[in-house]
Amino acid sequence: MSFPRTIARFLASQTLAVALFVYLLVLLYMGTVEQAEKGLFAAREKYFESLYLVFWLFGALPLVLPGAGLVLSLLAVNLFAGGLIAAPRGWSRFGLFLTHLGVLGLIAGMFVSNRLSVHGKLTLFEGESADYFETSREWELIFYRPNAIETSSQHVIPYRDLVKTSNRVFEFGAVSLPFTVRINGYLDNAESRPAGPLTPEDVPVIDGFFLQQSPAPQNIEDAIPGLYLSVYEMTGTETARGIVWGLARNPFQFEIDGQVWAAALQHKRNPLPFLLTLNRFEHAFHPGTKIPMHFISHVSLYVNDIEQEARIEMNEPLRHQEYTLYQSSWGPPDAAPGVRRYSVFTVVRNPMAYWPLYTCCIILFGLVLHFCWKPAKNVKTASGRESETLCD
Amino acid sequence: MIALALAFQARAETPPRWPAETVRLFERLPIQEGGRVKPMASYARYSLLRFSGKTSCVDEQGRRVSAGEWLLNSLLYPVAAREYPIFRVDNPEVMTALGLDTPQKRDRYAYKRLAPVREKLLDLARGYSAIDDRQRTPVQRQLLKLALDLLEFEALTGALAFFQTPISLKDEAHLPGLSWAAGDCTGAQLLAPWLSWRLQHPQADALPPEIALILRNLPQQARIADIFTIIPPGDESPEWLTPGTVLDRVIASPGFSGEAVVLLAYLADAMASIHDLPVFQEKLARFHSAVTVQTQLRKECRHLDLEAFYLRVNLVYWAQVLFIAVFLGASMMLLEPWRLVAPEDTRAAEKSGHRADALLTGAILTPALLLACAIVIRCIIRGRPPATTLYETMLFGALAAVLISLGIAVLYRQRTALAAAAFLGALGLFLANRYEMSEARDTMPALAAVLDTNFWLATHVTTVVIGYGAGLLASVMAHGYILSKFLFFRALRPAYYRDLTRMVYGAICFSLVFTMAGTLLGGIWAAESWGRFWGWDPKENGALMIILWQLALIHAKRGGLAHEAGIHLAAIFGGVIVIFSWLGVNQLGVGLHAYGFTSGMQKTLQTFYLIELGVLVLGGAIKLRDDWRHLDAPQDPL
């Protein structure tokens, strides 16, 4: 047998399928248990979304193993080759064919959906409006003139550039900006602290403060980044140096040519094709408990200045075009009556939102077809058989 | 001059032997707790369970009393209730830390025994409460729990204590149309006529100053017991009121009136006559009727009597007892004792076998029917699908496993499946019982907003639980295979093992269909409600682990990698994965399926994993032995 044929047979084999299922099972177990210790995001990134993972044996010997991303890709190949191409044909196996087709579609759909979909959050206080939503995991550095009348002229350093600056110097300039900036290190989860006698010597201290790297939080959305920034005039003279931190109350401000500029870190903003206003938020707990009974956001959606009233509640999202808004949470948690409350929506743009539903229907139909066929045959066999006793 | 003796102490009296009707009536009284209105029987059951780990206790005379009667005594005769040994302490070091000697390793103690060290206990608990729960030692945890139990007991016994407060009126007091005679009375005897009078004179605010002083002081006792909310408010407010709160409002606001005051008057009237049992029962019935009408008008609970009945008859317990009995019977039948009578008569043996099978099927149907009734009653009470909490998934999963097993038994005519049905029924209910005991919380809690959707609960949860049940059934039957191979070796016909393997494989396929359907439906629910199909949540991962293992087994069998023994060993390991996914991931304490978190079953689960490891080692050894003797022929058994 030729080598390519041997490879093809192996890729289509039941043995490979079994090995992949068992290996995925082990990965799942390890990732699940590790969630309790390191949080969902860390476990997900390490085990479920990686092509490979590295274990350090005895702290020194690296052991490289395939991650779930790679295993799922191999499984998709195995499904295609073994479950669809090489599998025996016939009406009695049509159910199995459909099931394999559906699972393949589901895996493929998940890969594509991961690339095409955008997830984010939108937080609105009662009476507030927004035509954007924020990507919780990604931050961007913005420069703006706080005293300017027009608020739209913000200059943004996107997240993909910011993360490149981790532990190294990065220079940024734009035609419309009268200055250039130099980022002297970006910390993905940091805390701005006042410097003291115990502050490490190799850490830059600016205006009595420094950035301290914090351990990765259990939930990646809780990470607060920070960075050191130097601002240069176009002549190359350094005019300001500061710390920009995600949770800072005030932006870092500097002056260029007599104009005040500000720099701040904010969650990456994605535009929405409509304006959303939170008119009213209501929530209730089951009496005498902190178990939420319901929480409902009464909103107005403006498209081309035409108002459409709607409500968003748990299990009842609002869909508009490719966007879906889900009721996620609210706050402040213990707000007294009369205190202005905010509502948090999860915003998803997923052109393949209904793909899992379609593929699941195919899978279930295939399974039912197959497993109803077989027992029906078994019943016939069993009913025609004599009752068997245990012993000879 | 009227002299007052306000010694706010309940009288030390022995409670009477309550007539059964009085206890039943009390158990049916509605109370709002844990976000819902429930019968007092539920409140009593879980309060006592939390304190003592049991649903009954012994009184000071050594007589066993039900949870309902215990609560009745605790409310009406708090001093006597302090002598009931209800506080469970599992670790003798707890008593040592409190400076108390105890000969027993594990025991239950009365409040009276713990009262002298109350302050020390509270001091220790205050210190331990600052420590993160995961960092606390078992002794610290127990001390903290004991302190909380003690405080809850004090609040409970103080809830109606102001009705029992002895009052000594040295002189008569009068209002137009109402007079109090001089002498000794209780708070209830003082209150009851005044509340009735007050209902007829809602605007009247004049009170004899001495009586006003007494009344103003009474509710202060009740305020410490802010946990006994048994009076629906007269307005739209969702939160019920304690008797003390209502009395407080009546005294503070002269114009305060309405249904809440009527109910308080009825309650005071009943409390004023607790020494005359027939009269007390009559007045308690009046209070019960009035409060039930209010509950129904507010559409807060329509099935109080049904829930009280459900708790009283305890169908789940009796189903468990019967399942165990049937399992023992089925195990005997597996040995075919009738063959001992006439070993040569094959036809007679076959006839006896048929009779035994019919008998066993009928016997299993009885507890299955009881369990089904319990589940249906719960559905009616809650207005929900059969499985909405972890506890309910255990009941439903057990029933599903029993019914699938019966179906397989009918299909394959195999007695082993009948034994497996009984075993699974008993096991499922044992786990449910352990869970209820360890959590000691209402098993019909109010549902969080995210779960408030009957469609997805009815489809996703029930489907996946049926899948779990079938997976466990396959595992139990595979245990039968290992056990019979171990005990009987060559005595059994190969056809028996072949059929058993078919049944196990069939159950795995059945489980795969339902687990996969349930998991996919869960994904669609998550996509509909949260915007993502899959989130790698521990519960989702657990279900996927079951699917992956079952798929691996099915493909291994089709690829010629697993034969008879391999299928059984894989089914047993599959059972371990099912338990990990169903109950084990809840120990992790992370993820979105927070409604199922539990920490009380860790030891049970660890024991289970160890036993299963032993069975797998035994099964592996048997397979090696059979391979060595060429008995496990490498042909497809199916």
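Worth saying up front: this structure is predicted, and the values here are computed from it rather than measured. Below, chain A is the first sequence line, B the second, and so on; all start at residue 1. In what follows, every heavy atom counts, from backbone to side chain, and hydrogens, waters and symmetry copies are set aside.
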Colleague: Between B:Arg36 and B:Met444, is there a donor-acceptor pair closer than 3.5 Å when you use the side chain of the first and the backbone of the second?
Modeller: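 Yes.
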Colleague: Once you measure the plane-to-plane angle for A:Phe281 and A:His283, does it fall in the parallel (<30°), tilted (30-60°) or perpendicular (>60°) bin?
Modeller: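 Parallel.
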Colleague: Any idea which of A:Leu25, A:Asn315, A:Leu367 has the most non-hydrogen atom pairs under 4.5 angstrom with chain B?
Modeller: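 Most heavy-atom pairs within the cutoff with chain B belong to A:Asn315.
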Colleague: Going by atom types alone, do A:Ser297 and A:Gln327 pair a side-chain donor with an acceptor below 3.5 Å?
Modeller: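 Checked: A:Ser297/A:Gln327 side chains pair up, N/O donor to acceptor below 3.5 Å.
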Colleague: Please flag which part of B:Glu528 lies under 4.5 Å from any non-hydrogen atom of chain A: side chain, backbone, both or neither.
Modeller: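 Contact with chain A is through both the backbone and side chain of B:Glu528.
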Colleague: Let me know if B:Ala527 has heavy atoms under 4.5 Å from chain A in its side chain, its backbone, both or neither.
Modeller: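 Interface part for B:Ala527: backbone (N, CA, C, O).
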Colleague: Counting only heavy atoms closer than 4.5 Å, note whether B:Leu544 contacts chain A via side chain, backbone, both or neither.
Modeller: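 Backbone plus side chain of B:Leu544, per the 4.5 Å heavy-atom cut-off to chain A.
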Colleague: Which atoms of B:Leu551 come close to chain A, meaning under 4.5 Å heavy atom to heavy atom: side chain ones, backbone ones, both, or neither?
Modeller: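 Both backbone and side chain.
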Colleague: Considering only heavy atoms, which portion of A:Leu325 lies under 4.5 Å from any heavy atom of chain B: side chain, backbone, both, or neither?
Modeller: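 A:Leu325 has no heavy atom closer than 4.5 Å to chain B.
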Colleague: Please check if any side-chain donor atom of B:Glu300 sits under 3.5 Å from a side-chain acceptor atom of B:Trp240, or the reverse.
Modeller: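 Their side chains do contain a donor-acceptor pair, which is all the 3.5 Å distance test asks for.
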Colleague: Could you tell me which of A:Arg319, A:His294, A:Glu313, A:Glu316 has the largest number of non-hydrogen atom pairs under 4.5 Å with chain B?
Modeller: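 Going by pairs under 4.5 Å, I would pick A:Arg319.
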Colleague: Anything under 30° is parallel, anything over 60° is perpendicular, the rest tilted; go ahead and classify A:Tyr323 against A:Phe133.
Modeller: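 Perpendicular.
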Colleague: Please flag which part of A:Leu24 lies under 4.5 Å from any non-hydrogen atom of chain B: side chain, backbone, both or neither.
Modeller: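 Looking at A:Leu24, backbone and side chain both touch chain B.
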Colleague: Tell me which of these, B:Gly506, B:Ala448, B:Gly531, B:Gly559, has more heavy-atom pairs under 4.5 Å with chain A than the rest.
Modeller: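 Ranked by heavy-atom pairs under 4.5 Å with chain A, first place is B:Gly531.
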Colleague: Which one, A:Val18, A:Val348, A:Thr99, leads in non-hydrogen pairs under 4.5 Å with chain B?
Modeller: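 Ranked by heavy-atom pairs under 4.5 Å with chain B, first place is A:Val18.
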Colleague: Measure from the side-chain N and O atoms of B:Thr229 to the backbone N and O of B:Gln32, and report whether any donor-acceptor pair falls under 3.5 Å.
Modeller: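 A pair under 3.5 Å: yes.
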Colleague: Given that the side chain runs from C-beta out, which part of B:Trp456 has a heavy atom under 4.5 Å from chain A: side chain, backbone, both or neither?
Modeller: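 For B:Trp456, neither part sits under 4.5 Å from chain A.
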Colleague: Checking heavy atoms, do the side chain of A:Tyr29, its backbone, both or neither come under 4.5 Å from chain B?
Modeller: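 When you check distances to chain B, atoms from both the backbone and side chain of A:Tyr29 fall under 4.5 Å.
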Colleague: Is the shortest side-chain N to carboxylate O distance from B:Glu33 to B:Lys38 below 4.0 Å?
Modeller: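 Salt bridge between B:Glu33 and B:Lys38, a charged N being under 4.0 Å from a carboxylate O: yes.
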Colleague: Test your reading of the model: is there a side-chain donor-acceptor pair from A:Trp330 to the backbone of A:Glu282, 3.5 Å cut-off?
Modeller: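 The answer is no, because no donor-acceptor pair under 3.5 Å joins these two groups.
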Colleague: Identify which part of B:Phe510 has an atom lying under 4.5 Å from any heavy atom of chain A, answering side chain, backbone, both or neither.
Modeller: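 For B:Phe510, neither part sits under 4.5 Å from chain A.
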Colleague: Need one label for A:Leu20: side chain, backbone, both or neither, based on atoms under 4.5 Å from any heavy atom in chain B.
Modeller: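 Neither; nothing under 4.5 Å.
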Colleague: Report the option among A:Thr289, A:Thr15, A:Leu28, A:Ile291 that has the most heavy-atom pairs separated by less than 4.5 Å from atoms of chain B.
Modeller: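 Ranked by heavy-atom pairs under 4.5 Å with chain B, first place is A:Leu28.
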Colleague: Could you check whether any side-chain heavy atom of A:Val347 comes within less than 4.5 Å of a side-chain heavy atom of A:Thr324, counting everything from C-beta outward?
Modeller: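 A:Val347 does not reach A:Thr324 side chain to side chain.
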Colleague: Below 30° counts as parallel, above 60° as perpendicular, anything between as tilted: where do the rings of A:His100 and B:His555 land?
Modeller: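 Correct class here is perpendicular.
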